[in-house]
**Q** 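What follows is a single structure, and I will ask about it in a moment.
Letters A, B, ... are given to chains in the order of the sequence lines, protein chains preceding strands, and every chain is numbered from 1.
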Amino acid sequence: MPLAPARVRFAPSPTGRFHIGSARTALYNYLLARQTGGQLIFRIEDTDQKRYIPEAEQEFVEALKWHGIKWDEGPDVGGPYAPYRQSLRGDIYHAQIEEMIDRGAAYACFCTPERLAELRKSQQARKEPPRYDGLCRRLEPSTAEERVRSGEKHVVRFKTPQQGETRGVDVLRGEIVVQNETLDDYILMKSDGLPTYHLAAMVDDHLMDVTHVFRASEWLPTFPLHVLIYEAMEWQQPAWVHLSVFLNPSGKGKLSKRDAEGSKSGSAVIFSLDLRNMGYLPEAVNNWMALMGWSYDDHTELFSMEELIEKFSIEKLNPSPAAVNYSKLDHFNGVYIRGLSVNELQKRIEPFYAQAGIETSASLLNQITPLIQERIRTLDEAVQISSFFFQDEVHPDPQDLIGKNLSPSESANAAREAQMLMDTKSSFEIEPLEAALRDLADQLELKPGQLFGILRIAVTGQRVSPPLIETMVILGRETVLKRVAEAVKLLERLNDSS
RNA sequence: GCCCCCAUCGUCUAGGGGACCAGGACGUAGCCCUUUCAAGGCUAAGACCGGGGUUCGAAUCCCCGUGGGGGCACCA
(Lines give C-alpha, C1' and ligand atoms only; values in the text may rest on other atoms or scores of the structure.)
Protein backbone atom coordinates (compact mmCIF):
# COMPACT_ATOMS: atom_id res chain seq x y z
CA MET A 1 0.00 0.00 0.00
CA PRO A 2 1.65 3.22 -1.09
CA LEU A 3 1.90 5.87 1.56
CA ALA A 4 0.84 9.47 1.13
CA PRO A 5 3.68 11.73 0.05
CA ALA A 6 5.74 12.53 3.12
CA ARG A 7 7.28 15.87 3.82
CA VAL A 8 10.31 15.29 5.97
CA ARG A 9 13.22 17.34 7.04
CA PHE A 10 16.83 17.00 7.93
CA ALA A 11 17.64 19.92 10.17
CA PRO A 12 21.12 19.92 11.62
CA SER A 13 22.66 22.58 13.77
CA PRO A 14 25.95 23.90 12.35
CA THR A 15 27.88 23.43 15.55
CA GLY A 16 30.22 20.62 14.61
CA ARG A 17 31.15 17.93 12.18
CA PHE A 18 28.83 15.64 10.28
CA HIS A 19 28.32 12.59 12.42
CA ILE A 20 27.23 9.15 11.19
CA GLY A 21 24.27 9.38 13.54
CA SER A 22 23.12 12.43 11.64
CA ALA A 23 23.86 10.65 8.40
CA ARG A 24 21.56 7.82 9.31
CA THR A 25 18.78 10.22 10.30
CA ALA A 26 19.19 12.02 7.01
CA LEU A 27 19.15 8.71 5.16
CA TYR A 28 15.88 7.55 6.69
CA ASN A 29 14.34 10.92 5.90
CA TYR A 30 15.52 10.66 2.33
CA LEU A 31 14.25 7.11 1.96
CA LEU A 32 10.77 7.97 3.15
CA ALA A 33 10.59 11.06 0.97
CA ARG A 34 11.64 9.14 -2.12
CA GLN A 35 9.52 6.13 -1.39
CA THR A 36 6.36 8.17 -0.99
CA GLY A 37 7.11 10.72 -3.66
CA GLY A 38 7.33 13.45 -1.06
CA GLN A 39 9.96 16.05 -0.30
CA LEU A 40 13.06 16.20 1.81
CA ILE A 41 13.72 19.60 3.33
CA PHE A 42 17.23 20.60 4.31
CA ARG A 43 16.99 23.19 7.06
CA ILE A 44 19.77 24.88 8.94
CA GLU A 45 19.09 25.35 12.64
CA ASP A 46 21.54 28.12 13.35
CA THR A 47 19.97 29.79 16.34
CA ASP A 48 22.91 29.32 18.68
CA GLN A 49 25.28 32.15 17.93
CA LYS A 50 27.78 30.96 20.53
CA ARG A 51 28.35 27.53 19.12
CA TYR A 52 28.03 28.44 15.48
CA ILE A 53 30.77 27.09 13.22
CA PRO A 54 30.79 28.62 9.74
CA GLU A 55 32.48 25.62 8.08
CA ALA A 56 29.97 23.17 9.45
CA GLU A 57 27.31 23.78 6.87
CA GLN A 58 29.75 23.19 4.08
CA GLU A 59 30.71 19.85 5.57
CA PHE A 60 27.05 18.86 5.88
CA VAL A 61 26.49 19.57 2.22
CA GLU A 62 29.62 17.73 1.19
CA ALA A 63 28.83 14.72 3.35
CA LEU A 64 25.20 14.54 2.29
CA LYS A 65 26.26 14.60 -1.33
CA TRP A 66 28.79 11.88 -0.69
CA HIS A 67 26.09 9.71 0.83
CA GLY A 68 23.93 10.37 -2.18
CA ILE A 69 21.22 12.05 -0.16
CA LYS A 70 19.52 14.76 -2.17
CA TRP A 71 17.10 17.34 -0.84
CA ASP A 72 14.25 19.05 -2.59
CA GLU A 73 14.13 22.25 -0.59
CA GLY A 74 16.90 23.99 1.27
CA PRO A 75 18.96 27.14 1.67
CA ASP A 76 20.86 26.47 -1.55
CA VAL A 77 17.98 25.42 -3.78
CA GLY A 78 15.20 27.45 -2.20
CA GLY A 79 11.62 26.26 -2.15
CA PRO A 80 8.07 27.30 -1.40
CA TYR A 81 8.67 27.51 2.35
CA ALA A 82 11.83 29.64 2.28
CA PRO A 83 13.86 30.76 4.03
CA TYR A 84 15.36 27.45 5.20
CA ARG A 85 17.84 28.98 7.57
CA GLN A 86 16.43 29.68 11.01
CA SER A 87 18.56 32.76 11.52
CA LEU A 88 16.56 34.29 8.66
CA ARG A 89 13.19 33.46 10.17
CA GLY A 90 13.23 35.75 13.18
CA ASP A 91 10.02 37.58 12.29
CA ILE A 92 8.17 34.32 11.97
CA TYR A 93 9.20 33.18 15.42
CA HIS A 94 8.36 36.53 16.96
CA ALA A 95 4.88 36.46 15.48
CA GLN A 96 4.34 32.95 16.77
CA ILE A 97 5.62 33.71 20.24
CA GLU A 98 3.33 36.70 20.42
CA GLU A 99 0.40 34.51 19.63
CA MET A 100 1.49 32.05 22.26
CA ILE A 101 1.57 34.79 24.87
CA ASP A 102 -1.85 36.00 23.74
CA ARG A 103 -3.17 32.49 24.11
CA GLY A 104 -1.79 32.36 27.62
CA ALA A 105 0.55 29.54 26.68
CA ALA A 106 3.76 31.46 27.23
CA TYR A 107 5.03 34.34 29.32
CA ALA A 108 7.92 36.76 29.53
CA CYS A 109 10.45 36.04 32.24
CA PHE A 110 12.81 38.69 33.58
CA CYS A 111 14.88 36.55 35.88
CA THR A 112 18.61 36.95 35.44
CA PRO A 113 20.92 34.06 34.71
CA GLU A 114 22.46 34.73 38.10
CA ARG A 115 19.18 34.24 39.92
CA LEU A 116 18.53 31.11 37.91
CA ALA A 117 21.93 29.70 38.76
CA GLU A 118 21.37 30.36 42.43
CA LEU A 119 17.95 28.81 42.28
CA ARG A 120 19.38 25.71 40.71
CA LYS A 121 22.08 25.51 43.32
CA SER A 122 19.73 25.67 46.24
CA GLN A 123 17.37 23.17 44.64
CA GLN A 124 20.19 20.75 44.12
CA ALA A 125 21.32 21.24 47.70
CA ARG A 126 17.83 20.24 48.78
CA LYS A 127 17.99 17.32 46.34
CA GLU A 128 15.13 18.74 44.37
CA PRO A 129 15.02 18.55 40.62
CA PRO A 130 16.30 21.84 39.16
CA ARG A 131 13.36 23.73 37.77
CA TYR A 132 12.18 27.26 37.29
CA ASP A 133 10.19 28.40 40.32
CA GLY A 134 7.62 30.34 38.34
CA LEU A 135 8.36 33.77 39.76
CA CYS A 136 7.58 35.63 36.54
CA ARG A 137 4.78 33.25 35.67
CA ARG A 138 2.83 34.91 38.48
CA LEU A 139 3.27 38.40 37.03
CA GLU A 140 0.21 40.17 35.73
CA PRO A 141 0.25 39.89 31.93
CA SER A 142 -0.24 43.64 31.66
CA THR A 143 2.74 44.48 33.83
CA ALA A 144 4.87 41.94 32.03
CA GLU A 145 3.85 43.44 28.72
CA GLU A 146 4.77 46.87 29.97
CA ARG A 147 8.19 45.75 31.13
CA VAL A 148 8.81 44.12 27.77
CA ARG A 149 7.75 47.28 25.98
CA SER A 150 10.09 49.34 28.07
CA GLY A 151 12.91 47.24 26.69
CA GLU A 152 13.68 45.18 29.76
CA LYS A 153 15.80 42.17 29.02
CA HIS A 154 13.78 38.97 29.13
CA VAL A 155 13.22 35.50 27.83
CA VAL A 156 9.93 33.84 26.97
CA ARG A 157 8.97 30.63 28.71
CA PHE A 158 6.37 28.03 27.96
CA LYS A 159 3.61 27.96 30.55
CA THR A 160 3.65 24.26 31.24
CA PRO A 161 0.50 22.93 32.90
CA GLN A 162 1.25 22.16 36.51
CA GLN A 163 -1.17 19.29 36.90
CA GLY A 164 -2.27 16.41 34.82
CA GLU A 165 -0.26 14.46 32.33
CA THR A 166 0.86 14.78 28.75
CA ARG A 167 0.63 11.96 26.26
CA GLY A 168 2.64 11.88 23.11
CA VAL A 169 2.75 9.15 20.54
CA ASP A 170 6.07 7.94 19.28
CA VAL A 171 5.61 5.67 16.29
CA LEU A 172 8.17 3.18 17.56
CA ARG A 173 7.30 3.19 21.23
CA GLY A 174 3.63 3.93 21.36
CA GLU A 175 2.20 6.34 23.87
CA ILE A 176 4.62 8.10 26.17
CA VAL A 177 2.98 9.50 29.29
CA VAL A 178 4.59 12.08 31.52
CA GLN A 179 3.32 13.83 34.62
CA ASN A 180 3.27 17.54 33.91
CA GLU A 181 4.65 18.37 37.32
CA THR A 182 7.96 16.80 36.30
CA LEU A 183 8.23 19.23 33.41
CA ASP A 184 9.76 22.69 33.47
CA ASP A 185 8.74 26.05 32.08
CA TYR A 186 11.18 25.72 29.24
CA ILE A 187 12.64 28.75 27.53
CA LEU A 188 11.29 29.26 24.03
CA MET A 189 12.94 32.57 23.21
CA LYS A 190 16.33 33.60 24.50
CA SER A 191 17.14 37.09 25.71
CA ASP A 192 19.02 37.71 22.46
CA GLY A 193 15.69 37.43 20.69
CA LEU A 194 16.56 34.14 19.02
CA PRO A 195 14.33 31.11 19.54
CA THR A 196 15.46 27.90 21.16
CA TYR A 197 15.10 24.60 19.36
CA HIS A 198 11.80 23.97 21.15
CA LEU A 199 10.18 26.95 19.50
CA ALA A 200 11.98 27.14 16.19
CA ALA A 201 11.76 23.50 15.24
CA MET A 202 8.09 23.21 16.19
CA VAL A 203 7.14 26.37 14.34
CA ASP A 204 9.09 25.39 11.27
CA ASP A 205 7.88 21.82 11.18
CA HIS A 206 4.34 23.05 11.39
CA LEU A 207 4.70 25.88 8.91
CA MET A 208 6.63 23.71 6.48
CA ASP A 209 3.94 21.03 6.60
CA VAL A 210 6.28 18.38 7.86
CA THR A 211 4.48 15.06 8.19
CA HIS A 212 7.14 12.90 9.85
CA VAL A 213 9.78 13.97 12.30
CA PHE A 214 12.80 11.69 12.50
CA ARG A 215 15.10 12.77 15.28
CA ALA A 216 17.52 11.30 17.77
CA SER A 217 16.06 9.80 20.90
CA GLU A 218 17.94 12.40 22.90
CA TRP A 219 14.80 14.42 22.26
CA LEU A 220 12.56 12.04 24.13
CA PRO A 221 12.86 13.92 27.45
CA THR A 222 11.52 17.13 25.91
CA PHE A 223 9.06 15.34 23.68
CA PRO A 224 6.13 16.18 26.02
CA LEU A 225 6.99 19.86 25.76
CA HIS A 226 6.84 19.65 22.01
CA VAL A 227 3.50 17.91 22.16
CA LEU A 228 2.28 20.61 24.53
CA ILE A 229 3.37 23.34 22.15
CA TYR A 230 1.48 21.73 19.31
CA GLU A 231 -1.58 21.38 21.51
CA ALA A 232 -1.41 24.95 22.74
CA MET A 233 -1.25 26.21 19.18
CA GLU A 234 -3.85 23.71 18.02
CA TRP A 235 -1.58 22.39 15.32
CA GLN A 236 -1.79 18.96 13.85
CA GLN A 237 1.03 16.82 15.11
CA PRO A 238 3.42 15.09 12.77
CA ALA A 239 4.32 11.43 13.18
CA TRP A 240 7.11 11.42 15.74
CA VAL A 241 9.89 8.93 15.21
CA HIS A 242 12.66 8.94 17.78
CA LEU A 243 15.62 7.02 16.42
CA SER A 244 17.77 4.93 18.69
CA VAL A 245 21.19 6.31 19.51
CA PHE A 246 24.44 4.80 18.31
CA LEU A 247 26.51 3.31 21.08
CA ASN A 248 30.25 2.86 21.13
CA PRO A 249 31.53 -0.43 19.67
CA SER A 250 31.93 -1.65 23.22
CA GLY A 251 28.26 -0.94 23.82
CA LYS A 252 29.22 1.46 26.60
CA GLY A 253 27.97 4.98 26.19
CA LYS A 254 27.01 7.14 23.29
CA LEU A 255 29.25 6.77 20.28
CA SER A 256 32.31 8.94 20.65
CA LYS A 257 35.68 9.30 19.08
CA ARG A 258 37.31 7.96 22.20
CA ASP A 259 36.18 4.41 21.86
CA ALA A 260 38.61 2.62 19.59
CA GLU A 261 37.40 -0.93 20.02
CA GLY A 262 37.26 -2.76 16.72
CA SER A 263 38.43 0.24 14.78
CA LYS A 264 41.63 0.12 12.84
CA SER A 265 42.43 3.79 13.09
CA GLY A 266 43.02 3.89 16.82
CA SER A 267 39.89 5.86 17.50
CA ALA A 268 36.30 5.36 16.49
CA VAL A 269 35.51 6.88 13.15
CA ILE A 270 32.32 8.80 13.60
CA PHE A 271 32.34 11.38 10.83
CA SER A 272 31.15 10.66 7.32
CA LEU A 273 33.94 12.50 5.62
CA ASP A 274 36.55 10.62 7.63
CA LEU A 275 35.01 7.38 6.48
CA ARG A 276 35.25 8.62 2.93
CA ASN A 277 38.88 9.58 3.37
CA MET A 278 39.67 6.16 4.75
CA GLY A 279 38.41 4.51 1.61
CA TYR A 280 34.92 3.45 2.49
CA LEU A 281 32.33 3.43 -0.26
CA PRO A 282 29.23 5.53 0.34
CA GLU A 283 27.01 2.67 -0.79
CA ALA A 284 28.62 0.39 1.79
CA VAL A 285 28.35 2.97 4.53
CA ASN A 286 24.72 3.61 3.70
CA ASN A 287 23.92 -0.07 3.71
CA TRP A 288 25.70 -0.53 7.03
CA MET A 289 24.08 2.49 8.63
CA ALA A 290 20.61 1.62 7.44
CA LEU A 291 20.86 -1.76 9.12
CA MET A 292 21.67 -0.31 12.52
CA GLY A 293 18.17 0.16 13.79
CA TRP A 294 16.29 -1.11 10.80
CA SER A 295 15.86 -4.51 9.21
CA TYR A 296 13.97 -5.92 6.30
CA ASP A 297 13.77 -9.66 6.80
CA ASP A 298 15.84 -12.60 7.78
CA HIS A 299 17.97 -13.14 4.78
CA THR A 300 18.47 -9.88 3.02
CA GLU A 301 21.29 -7.64 4.11
CA LEU A 302 22.57 -6.12 0.93
CA PHE A 303 20.64 -3.09 -0.23
CA SER A 304 21.38 -0.57 -2.92
CA MET A 305 19.98 2.90 -2.42
CA GLU A 306 17.14 2.03 -4.79
CA GLU A 307 16.33 -1.07 -2.79
CA LEU A 308 16.45 0.85 0.45
CA ILE A 309 14.00 3.35 -0.97
CA GLU A 310 11.72 0.53 -1.99
CA LYS A 311 11.96 -1.57 1.17
CA PHE A 312 12.29 0.99 3.93
CA SER A 313 9.51 1.13 6.46
CA ILE A 314 9.11 2.97 9.73
CA GLU A 315 7.42 -0.04 11.29
CA LYS A 316 10.62 -2.07 11.04
CA LEU A 317 12.65 0.52 12.89
CA ASN A 318 14.07 -0.68 16.20
CA PRO A 319 13.89 1.59 19.26
CA SER A 320 16.75 0.02 21.18
CA PRO A 321 20.23 1.54 21.11
CA ALA A 322 22.71 -0.04 18.72
CA ALA A 323 26.45 -0.47 19.21
CA VAL A 324 28.30 0.26 15.99
CA ASN A 325 30.20 -2.62 14.48
CA TYR A 326 33.14 -1.54 12.36
CA SER A 327 34.11 -5.02 11.29
CA LYS A 328 30.72 -5.32 9.69
CA LEU A 329 31.35 -2.07 7.86
CA ASP A 330 34.61 -3.55 6.60
CA HIS A 331 32.75 -6.59 5.43
CA PHE A 332 30.16 -4.55 3.57
CA ASN A 333 32.86 -2.42 2.06
CA GLY A 334 34.66 -5.50 0.77
CA VAL A 335 31.47 -6.83 -0.71
CA TYR A 336 30.76 -3.57 -2.49
CA ILE A 337 34.32 -3.25 -3.73
CA ARG A 338 34.12 -6.71 -5.25
CA GLY A 339 30.82 -5.78 -6.83
CA LEU A 340 32.29 -2.82 -8.68
CA SER A 341 33.37 -3.05 -12.29
CA VAL A 342 37.11 -2.88 -12.79
CA ASN A 343 36.80 0.52 -14.39
CA GLU A 344 34.70 1.88 -11.58
CA LEU A 345 37.01 0.52 -8.93
CA GLN A 346 39.96 1.96 -10.77
CA LYS A 347 38.31 5.34 -10.82
CA ARG A 348 37.70 5.21 -7.08
CA ILE A 349 41.17 4.01 -6.21
CA GLU A 350 43.05 6.59 -8.23
CA PRO A 351 42.69 9.48 -5.76
CA PHE A 352 44.21 7.35 -3.03
CA TYR A 353 47.39 6.85 -5.03
CA ALA A 354 47.55 10.54 -5.71
CA GLN A 355 47.10 11.22 -2.04
CA ALA A 356 50.00 8.88 -1.28
CA GLY A 357 52.13 10.75 -3.78
CA ILE A 358 52.21 7.87 -6.23
CA GLU A 359 51.98 8.63 -9.90
CA THR A 360 49.92 6.07 -11.72
CA SER A 361 49.18 5.38 -15.31
CA ALA A 362 45.75 4.35 -16.47
CA SER A 363 46.99 1.33 -18.40
CA LEU A 364 49.05 0.02 -15.51
CA LEU A 365 46.23 0.59 -13.04
CA ASN A 366 43.91 -1.17 -15.39
CA GLN A 367 46.03 -4.30 -15.14
CA ILE A 368 46.54 -4.10 -11.41
CA THR A 369 42.99 -3.44 -10.34
CA PRO A 370 41.53 -6.87 -11.09
CA LEU A 371 44.38 -8.44 -9.15
CA ILE A 372 43.69 -6.52 -5.98
CA GLN A 373 39.93 -6.23 -6.18
CA GLU A 374 39.15 -9.18 -3.98
CA ARG A 375 42.00 -8.49 -1.62
CA ILE A 376 41.12 -5.05 -0.34
CA ARG A 377 38.45 -4.04 2.11
CA THR A 378 38.95 -0.30 1.89
CA LEU A 379 40.14 1.74 -1.07
CA ASP A 380 43.26 2.96 0.67
CA GLU A 381 44.46 -0.61 1.06
CA ALA A 382 44.93 -0.70 -2.68
CA VAL A 383 47.90 1.59 -2.26
CA GLN A 384 49.56 -0.50 0.42
CA ILE A 385 49.17 -3.75 -1.44
CA SER A 386 50.26 -2.49 -4.84
CA SER A 387 52.73 0.32 -4.28
CA PHE A 388 55.64 -1.93 -5.32
CA PHE A 389 54.35 -1.70 -8.88
CA PHE A 390 55.20 1.96 -8.95
CA GLN A 391 58.53 1.99 -7.20
CA ASP A 392 61.88 1.83 -8.97
CA GLU A 393 63.23 -0.66 -6.56
CA VAL A 394 61.96 -2.68 -3.70
CA HIS A 395 63.71 -3.43 -0.45
CA PRO A 396 62.90 -6.85 0.85
CA ASP A 397 64.01 -7.98 4.25
CA PRO A 398 66.83 -10.44 3.40
CA GLN A 399 65.55 -12.90 5.98
CA ASP A 400 62.21 -13.01 4.19
CA LEU A 401 63.95 -14.06 1.00
CA ILE A 402 64.93 -17.39 2.45
CA GLY A 403 62.57 -20.04 1.15
CA LYS A 404 60.53 -22.16 3.43
CA ASN A 405 62.72 -24.91 4.93
CA LEU A 406 65.64 -23.80 2.82
CA SER A 407 69.06 -22.39 3.57
CA PRO A 408 70.14 -19.01 2.23
CA SER A 409 72.40 -20.64 -0.35
CA GLU A 410 69.69 -23.00 -1.54
CA SER A 411 67.36 -20.02 -1.83
CA ALA A 412 69.98 -18.03 -3.72
CA ASN A 413 70.47 -20.92 -6.06
CA ALA A 414 66.75 -21.25 -6.73
CA ALA A 415 66.50 -17.54 -7.40
CA ARG A 416 69.45 -17.69 -9.75
CA GLU A 417 67.93 -20.58 -11.68
CA ALA A 418 64.64 -18.74 -11.98
CA GLN A 419 66.44 -15.65 -13.11
CA MET A 420 68.21 -17.58 -15.80
CA LEU A 421 65.02 -19.23 -16.93
CA MET A 422 63.12 -15.98 -17.16
CA ASP A 423 65.97 -14.33 -18.95
CA THR A 424 66.09 -16.90 -21.71
CA LYS A 425 62.43 -17.77 -21.97
CA SER A 426 61.04 -16.55 -25.23
CA SER A 427 57.60 -15.54 -24.04
CA PHE A 428 56.88 -13.70 -20.84
CA GLU A 429 53.23 -14.50 -20.49
CA ILE A 430 51.15 -15.97 -17.73
CA GLU A 431 50.54 -19.58 -18.76
CA PRO A 432 53.94 -20.47 -20.25
CA LEU A 433 55.74 -18.64 -17.49
CA GLU A 434 53.85 -20.44 -14.77
CA ALA A 435 54.39 -23.80 -16.46
CA ALA A 436 58.09 -23.13 -16.82
CA LEU A 437 58.49 -22.07 -13.21
CA ARG A 438 56.62 -25.12 -11.99
CA ASP A 439 58.92 -27.30 -14.06
CA LEU A 440 61.87 -25.54 -12.58
CA ALA A 441 60.63 -26.13 -9.08
CA ASP A 442 60.26 -29.76 -9.97
CA GLN A 443 63.79 -29.98 -11.28
CA LEU A 444 65.15 -28.32 -8.17
CA GLU A 445 63.07 -30.66 -6.05
CA LEU A 446 61.22 -27.78 -4.51
CA LYS A 447 57.57 -27.31 -3.90
CA PRO A 448 56.11 -24.60 -6.10
CA GLY A 449 55.30 -22.65 -2.97
CA GLN A 450 58.95 -22.57 -1.95
CA LEU A 451 60.11 -21.17 -5.24
CA PHE A 452 57.19 -18.80 -5.61
CA GLY A 453 57.70 -17.57 -2.09
CA ILE A 454 61.26 -16.53 -2.79
CA LEU A 455 60.27 -14.82 -6.01
CA ARG A 456 57.33 -13.10 -4.40
CA ILE A 457 59.50 -11.42 -1.81
CA ALA A 458 62.17 -10.65 -4.39
CA VAL A 459 59.79 -9.07 -6.84
CA THR A 460 57.30 -7.33 -4.56
CA GLY A 461 59.30 -6.84 -1.39
CA GLN A 462 56.21 -8.06 0.46
CA ARG A 463 55.14 -11.26 2.09
CA VAL A 464 51.62 -10.62 0.93
CA SER A 465 50.97 -9.69 -2.65
CA PRO A 466 48.66 -10.18 -5.59
CA PRO A 467 49.14 -13.45 -7.49
CA LEU A 468 52.80 -13.83 -8.40
CA ILE A 469 52.83 -14.76 -12.06
CA GLU A 470 50.32 -12.11 -13.04
CA THR A 471 52.22 -9.60 -11.01
CA MET A 472 55.51 -10.43 -12.74
CA VAL A 473 53.97 -10.21 -16.17
CA ILE A 474 52.62 -6.77 -15.40
CA LEU A 475 55.95 -5.68 -13.98
CA GLY A 476 57.69 -6.89 -17.13
CA ARG A 477 60.68 -9.06 -17.69
CA GLU A 478 63.27 -6.35 -17.24
CA THR A 479 62.08 -5.20 -13.83
CA VAL A 480 61.56 -8.74 -12.61
CA LEU A 481 65.06 -9.76 -13.64
CA LYS A 482 66.54 -6.75 -11.97
CA ARG A 483 64.73 -7.39 -8.73
CA VAL A 484 65.55 -11.08 -8.68
CA ALA A 485 69.20 -10.29 -9.32
CA GLU A 486 69.12 -7.90 -6.40
CA ALA A 487 67.56 -10.61 -4.25
CA VAL A 488 70.28 -13.06 -5.23
CA LYS A 489 72.89 -10.58 -4.08
CA LEU A 490 71.12 -10.11 -0.77
CA LEU A 491 70.89 -13.85 -0.26
CA GLU A 492 74.55 -14.38 -1.08
CA ARG A 493 75.55 -11.73 1.39
CA LEU A 494 73.37 -13.38 3.97
CA ASN A 495 75.09 -16.66 3.18
CA ASP A 496 78.54 -15.18 3.64
CA SER A 497 77.82 -13.62 6.97
CA SER A 498 76.06 -16.57 8.53
C1' G B 1 19.13 12.50 42.85
C1' C B 2 14.79 13.09 39.47
C1' C B 3 12.40 11.96 34.68
C1' C B 4 12.17 9.10 30.22
C1' C B 5 13.54 5.07 26.95
C1' C B 6 15.42 0.18 26.02
C1' A B 7 16.39 -5.26 27.07
C1' U B 8 17.21 -12.33 22.02
C1' C B 9 24.27 -15.22 20.50
C1' G B 10 30.54 -10.82 21.64
C1' U B 11 27.90 -7.20 17.88
C1' C B 12 23.65 -5.94 14.36
C1' U B 13 19.17 -8.44 14.23
C1' A B 14 14.52 -12.18 12.82
C1' G B 15 10.69 -13.35 16.08
C1' G B 16 4.77 -9.79 17.60
C1' G B 17 1.02 -16.71 22.34
C1' G B 18 1.64 -22.70 19.79
C1' A B 19 5.27 -23.10 13.11
C1' C B 20 11.50 -21.97 18.05
C1' C B 21 15.36 -28.22 21.28
C1' A B 22 15.05 -19.63 18.74
C1' G B 23 16.64 -18.20 12.35
C1' G B 24 20.21 -14.85 9.56
C1' A B 25 24.56 -11.55 9.17
C1' C B 26 29.43 -9.78 11.11
C1' G B 27 33.19 -11.59 14.07
C1' U B 28 35.62 -16.16 16.10
C1' A B 29 37.41 -21.49 15.43
C1' G B 30 38.17 -25.77 12.22
C1' C B 31 38.23 -28.05 7.37
C1' C B 32 38.36 -27.69 1.85
C1' C B 33 40.42 -24.87 -2.30
C1' U B 34 45.30 -22.59 -2.92
C1' U B 35 52.09 -19.91 -5.13
C1' U B 36 51.30 -15.66 -0.27
C1' C B 37 47.11 -12.91 1.22
C1' A B 38 42.37 -12.63 0.08
C1' A B 39 37.95 -14.33 -2.12
C1' G B 40 34.88 -18.71 -2.26
C1' G B 41 32.72 -23.45 -0.17
C1' C B 42 31.52 -26.47 4.13
C1' U B 43 31.22 -27.11 9.49
C1' A B 44 31.30 -25.65 14.70
C1' A B 45 30.84 -22.91 19.21
C1' G B 46 27.51 -18.95 20.68
C1' A B 47 21.52 -15.75 23.13
C1' C B 48 15.62 -15.32 24.85
C1' C B 49 18.63 -10.52 32.06
C1' G B 50 16.02 -12.42 36.86
C1' G B 51 11.47 -13.24 39.52
C1' G B 52 6.36 -13.27 39.69
C1' G B 53 1.79 -13.45 37.15
C1' U B 54 -2.03 -14.16 32.67
C1' U B 55 -2.79 -18.62 29.62
C1' C B 56 -3.97 -25.41 28.13
C1' G B 57 0.59 -23.01 26.21
C1' A B 58 5.20 -17.15 26.62
C1' A B 59 11.24 -15.14 23.68
C1' U B 60 6.46 -13.07 22.48
C1' C B 61 1.20 -10.06 27.03
C1' C B 62 1.21 -7.65 32.35
C1' C B 63 3.87 -6.34 37.03
C1' C B 64 8.28 -5.91 39.98
C1' G B 65 13.45 -6.12 40.17
C1' U B 66 18.10 -5.74 37.73
C1' G B 67 21.09 -4.03 33.88
C1' G B 68 22.08 -0.62 29.92
C1' G B 69 21.13 4.03 27.57
C1' G B 70 19.42 9.04 27.24
C1' G B 71 18.03 13.69 29.43
C1' C B 72 17.72 17.28 33.47
C1' A B 73 21.18 24.87 29.88
C1' C B 74 19.09 31.76 27.77
C1' C B 75 22.80 23.91 23.39
C1' A B 76 20.67 21.51 19.86
**Q** Can you tabulate the close N/O pairs, meaning under 3.5 Å, that link protein atoms to atoms of nucleotides 15-18 of chain B?
**A**
residue: B:rG15; atom: OP1; partner: A:K316; partner atom: NZ; Å: 2.8

**Q** Please identify each residue that fulfils ring-ring contact (aromatic ring centres under 6.0 Å, His included) with A:F42, with sequence neighbours left out.
**A** A:W71
**Q** So which nucleotide from B:rG24, B:rA76, B:rC74 ends up closest to the side chain of A:Y197?
**A** B:rA76
**Q** For the side chain of A:E301, counting heavy atoms from C-beta on, which of B:rG24, B:rA76, B:rA73 is nearest?
**A** B:rG24
**Q** Taking salt bridge (charged side-chain N to carboxylate O under 4.0 Å, His left out) as the definition, give me every residue that meets it alongside A:E417, ordered by chain and number, with sequence neighbours left out.
**A** none
**Q** Less than 4.0 angstrom between a side-chain N/O of A:T47 and OP1 or OP2 of B:rA76, yes or no?
**A** yes
**Q** Looking at B:rG27, B:rG70, B:rA76, which one has an atom nearest to any side-chain atom of A:R377?
**A** B:rG27
**Q** Can you tell which of B:rA76, B:rC12, B:rG40 lies closest to the side chain of A:K328?
**A** B:rC12
**Q** In this structure, is the centre-to-centre distance between the rings of A:W219 and A:Y197 below 6.0 Å?
**A** yes
**Q** Please list, pair by pair, any protein nitrogen or oxygen found under 3.5 Å from a nitrogen or oxygen in nucleotides 32-36 of chain B.
**A**
residue: B:rU35; atom: OP1; partner: A:R438; partner atom: NH2; Å: 2.6
residue: B:rU35; atom: O2'; partner: A:R456; partner atom: NH2; Å: 3.2
residue: B:rU35; atom: O2; partner: A:R456; partner atom: NH2; Å: 2.3
residue: B:rU36; atom: O2'; partner: A:R463; partner atom: O; Å: 3.3
residue: B:rU36; atom: N1; partner: A:R456; partner atom: NH2; Å: 3.4
residue: B:rU36; atom: O2; partner: A:S465; partner atom: N; Å: 2.9
residue: B:rU36; atom: O2; partner: A:S465; partner atom: O; Å: 3.1
residue: B:rU36; atom: N3; partner: A:R456; partner atom: NH1; Å: 3.3
residue: B:rU36; atom: N3; partner: A:S465; partner atom: O; Å: 2.7
residue: B:rU36; atom: O4; partner: A:P467; partner atom: N; Å: 3.3

**Q** Is there any protein nitrogen or oxygen under 3.5 Å from a nitrogen or oxygen in nucleotides 2-8 of chain B, and what are the pairs?
**A**
residue: B:rC5; atom: O2'; partner: A:R173; partner atom: NH1; Å: 3.1

**Q** Scan A:K447 against the nucleic acid and name what it touches under 4.0 Å (heavy atoms): base, sugar-phosphate only, or nothing.
**A** nothing
**Q** Let's test this: given Watson-Crick or G-U wobble pairing with both distances under 3.5 Å, identify the partner of B:rC2.
**A** B:rG71
**Q** Would you please name every residue forming a ring-ring contact (aromatic ring centres under 6.0 Å, His included) with A:Y186, sequence neighbours left out?
**A** A:H198
